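Just below is one structure, and these are the notes that go with it.
In what follows, every heavy atom counts, from backbone to side chain, and hydrogens, waters and symmetry copies are set aside. On a predicted model such as this, the values are computed, not experimentally measured, just so you know. Count residues from 1 along the sequence.
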Amino acid sequence: MMLARSCPIIFLLAVLGTATVNAFSGGSYSSHLLSNPVTSAVGRFPVQQQARCPNRALSLRMMSSFEDDILQRMKAVAPPAREALKNQPMKEGQMFAGQQWNRFRDATLGRWQGIWQTYDIMGDMQDERFCGVEVDSNGHPGEGEVLVLSNVVQVGSVKSDCPTCFDSTDFKRLPVATFNWPSIARHLVVGDGYMNGPSVLRNGAMSSEICLRHGDGRLRVTVQHAPVWEKDSEQIGPPDALKVFRVIVAREALRESPPTREAEAANPPGEGNACFWRPVSPFKWHAVWRGTSRTFGKTQGEQGWAIPELEEQDAWHGRPRGDQPNVWTLRLPGGVLVQAPTLVRPGETEQLRVAWLPEDSVLLRADARMVALKEADPEPEDEGVVRLLPPECIFFSVDNFQRAGDLPEVPVLVDEEEFLKMGEPKK
């Protein structure tokens with residue numbers, strides 16, 4: 001369902017052009033809701049306008065045991081398919097914060113040249129532009145270090161039409177954030193990726209970002225959900241849910257120029273680095289994968305797992321439409337799969353997944369479990385209002401798998417070589 005025209009959405013990227021990709025969402029979860037971003041963040045709402053979810057009480061009771069259930073399942077899926085590598089209980093204070101700071105610094109420091117693409121709820125590309133992300137340090141590692149994050153946005157370009165002239169491009173630097181040791185705000189670094197958020201924007205939307213890095217390249221996916229109310233309601237008070245309305249996919253690399261199709265064709269990335277625009281057939285997703293998985297939960301902390309062979313039920317990257325109706329899916333060139341919740345319902349645990357094939361033999365996956373619109377405990381002075389807690393990530397995992405062979409006895413109508421030749425022009 002499209003956003004209401006009367007509700008402004010403020011965002012840096014403007015609508016420039018359109019393109020069509022493969023997107024799918026469960027219509028049964030969104031047909032009775034209209035998007036309507038509010039003008040304030042999480043706060044106080046009149047209690048008489050509150051919409052009650054019949055499954056909210058059950059979901060709140062289950063949330064505390066959610067993380068334990070996930071970890072127990074990982075231990076008992078198919079022993080010894082999953083073996084604990086190293087347990088690192090979550091530490092409060094500067095020790096854990098210092099570890100996170102060092103990982104965040106190593107994962108983000110430098111100038112990232114990138115291509116940002118913005119998609120709407122229909123899966124149509126609304127904008128594509130060249131942008132850079134610079135993370136600079138004051139040169140004092142450890143205590144006292146400061147990291148400054150800035151976006152470098154292309155605001156104009158002039159192409160020459162004569163052999164003696166040259167092209168020119170204008171850029172604008174936009175300061176985004178400053179991090180002082182050891183705080184990295186709402187970032188959580190696990191394995192080869194990190195989670196930023198979920199957080200509430202000024203317009204009331206919720207933003208969640210997942211980043212996966214491979215070699216000199218990285219993939220950043222930002223999913224935004226806007227508050228929605230049921231049809232024919234007064235749209236007053238806390239929203240009935242949050243509905244996906246914008247997805248930004250950024251392909252970035254530590255290179256001299258953005259990783260465009262032309263740049264990669266002229267200078268192909270070497271082994272161990274990401275190749276963003278190579279053709280990836282559906283056969284590449286279905287294989288025998290093995291490697292490691294890193295998980296982080298609020299009570300269990302960070303843990304590592306060795307996976308000799310990925311079980312079929314855990315191979316969600318091979319099911320592009322997800323495992324439930326409440327899934328919005330986006331598949332993009334270069335082996336990119338995004339699975340986001342169509343609706344984020346009050347107090348319920350929702351799932352955001354990103355899978356990426358940076359090379360034919362490498363599979364990176366991230367899985368985040370989030371909770372939003374959860375009611376806070378009432379206080380005496382809150383009579384007549386409802387207080388909502390900020391959204392939070394309660395579980396995050398990052399997988400790094402290597403291809404170990406083909407799946408046995410998988411029937412196919414056409415082999416991979418013939419499939420790739422189908423798109424070639426006839427001579």
Side-chain angles (χ1 to χ4, degrees), residues 21-22 103 106-108 110 112-117 133 189-194 210-221 249-294 304-310 314-320 330-339 353-367 397-407 410 412 415-424:
V21 294
N22 179 15
R103 294 180 181 180
D106 295 340
T108 61
W112 298 85
Q113 304 276 5
I115 302 175
W116 295 3
Q117 296 176 331
V133 178
V189 186
V190 176
D192 296 312
Y194 68 74
I210 285 181
C211 177
L212 293 171
R213 178 172 179 178
H214 180 72
D216 66 349
R218 70 181 185 183
L219 177 75
R220 288 194 302 119
V221 177
V249 179
R251 297 173 174 88
E252 300 170 333
L254 294 172
R255 302 172 188 171
E256 296 182 357
S257 60
T260 62
R261 294 177 175 84
E262 296 76 15
E264 288 194 347
N267 187 17
E271 184 178 355
N273 293 321
C275 187
F276 293 100
W277 301 107
R278 75 190 193 286
V280 177
S281 74
F283 297 94
K284 295 297 183 182
W285 296 99
H286 303 279
V288 177
W289 299 100
R290 65 180 55 166
T292 59
S293 177
R294 308 291 300 189
W305 310 84
I307 305 178
E309 183 175 338
L310 187 65
D314 294 328
W316 54 263
H317 57 271
R319 301 183 292 273
L330 184 67
R331 293 201 299 180
L332 298 175
V336 176
L337 172 65
V338 180
Q339 294 181 356
R353 289 168 163 175
V354 176
W356 181 32
L357 288 169
E359 297 183 84
D360 290 343
S361 59
V362 177
L363 171 62
L364 300 180
R365 307 191 311 176
D367 188 343
S397 67
V398 176
D399 304 327
N400 189 330
F401 296 144
Q402 290 75 43
R403 185 185 179 98
D406 298 327
L407 291 174
V410 177
V412 294
D415 60 28
E416 182 177 354
E417 184 178 355
E418 294 180 9
F419 177 83
L420 293 176
K421 290 181 178 180
M422 288 182 179
E424 297 179 358

For R278, what residues pass the side-chain hydrogen bond (donor to acceptor under 3.5 Å, both in side chains) criterion, not counting sequence neighbours? D360
Straight-line distance of [X] [atom1] to [Y] [atom2], nearest 0.5 Å:
{"X": "L357", "Y": "R403", "atom1": "CG", "atom2": "CZ", "answer": "9.5 Å"}
{"X": "L363", "Y": "L310", "atom1": "CG", "atom2": "CG", "answer": "8.0 Å"}
{"X": "E309", "Y": "I307", "atom1": "CD", "atom2": "CD1", "answer": "11.0 Å"}
{"X": "D192", "Y": "H214", "atom1": "CG", "atom2": "NE2", "answer": "9.0 Å"}
{"X": "N273", "Y": "E359", "atom1": "CG", "atom2": "CD", "answer": "7.5 Å"}
{"X": "D367", "Y": "D399", "atom1": "CG", "atom2": "CG", "answer": "8.0 Å"}

Answer whether the closest heavy-atom distance between the side chains of W289 and V362 falls below 4.5 Å. no
So T108 and Y194, do their side chains get closer than 4.5 Å, heavy atoms only? yes
With a cut-off of under 6.0 Å to the ring centre and 45° to the axis, is R251 in cation-pi contact with W277? yes
Ionic contact status for R213 with D216, cut-off 4.0 Å: no
Short N-O contact, R218 and E252, less than 4.0 angstrom: yes
Applying side-chain contact (heavy atoms from CB on, under 4.5 Å), run through R365 and F401 and close with a yes or a no. CA-CA 8 Å; R365 307 191 311 176; F401 296 144; 3.7 Å; yes
Could you verify whether a donor N or O on one side chain and an acceptor N or O on the other, from Q339 and R319, lie under 3.5 Å apart? no
Name the orientation class of the two ring planes belonging to F276 and W356 (parallel below 30°, tilted from 30 to 60°, perpendicular beyond 60°). parallel
Would you check, one step at a time, whether the test side-chain contact (heavy atoms from CB on, under 4.5 Å) holds for F283 with D406? CA-CA 10 Å; F283 297 94; D406 298 327; over 6 Å; no
Quick one: do V249 and L332 satisfy side-chain contact (heavy atoms from CB on, under 4.5 Å)? Show the steps, please. CA-CA 9 Å; V249 179; L332 298 175; 3.7 Å; yes
Between N400 and T292, is the side-chain hydrogen bond (donor to acceptor under 3.5 Å, both in side chains) condition met? List the steps. CA-CA 6 Å; N400 189 330; T292 59; 5.6 Å; no
Hey, does the side chain of H317 reach the backbone of L337 with a donor-acceptor pair shorter than 3.5 angstrom? no
Listing request: all salt bridge (charged side-chain N to carboxylate O under 4.0 Å, His left out) pairs with a residue in residues 257-275, at least two apart in sequence or in separate chains. R255-E264
I'd like to know whether V221 forms a side-chain contact (heavy atoms from CB on, under 4.5 Å) with R353, so could you lay out the CA-CA distance, the side-chain angles of the two residues, the decisive distance to 0.1 Å, and finally the verdict. CA-CA 10 Å; V221 177; R353 289 168 163 175; over 6 Å; no
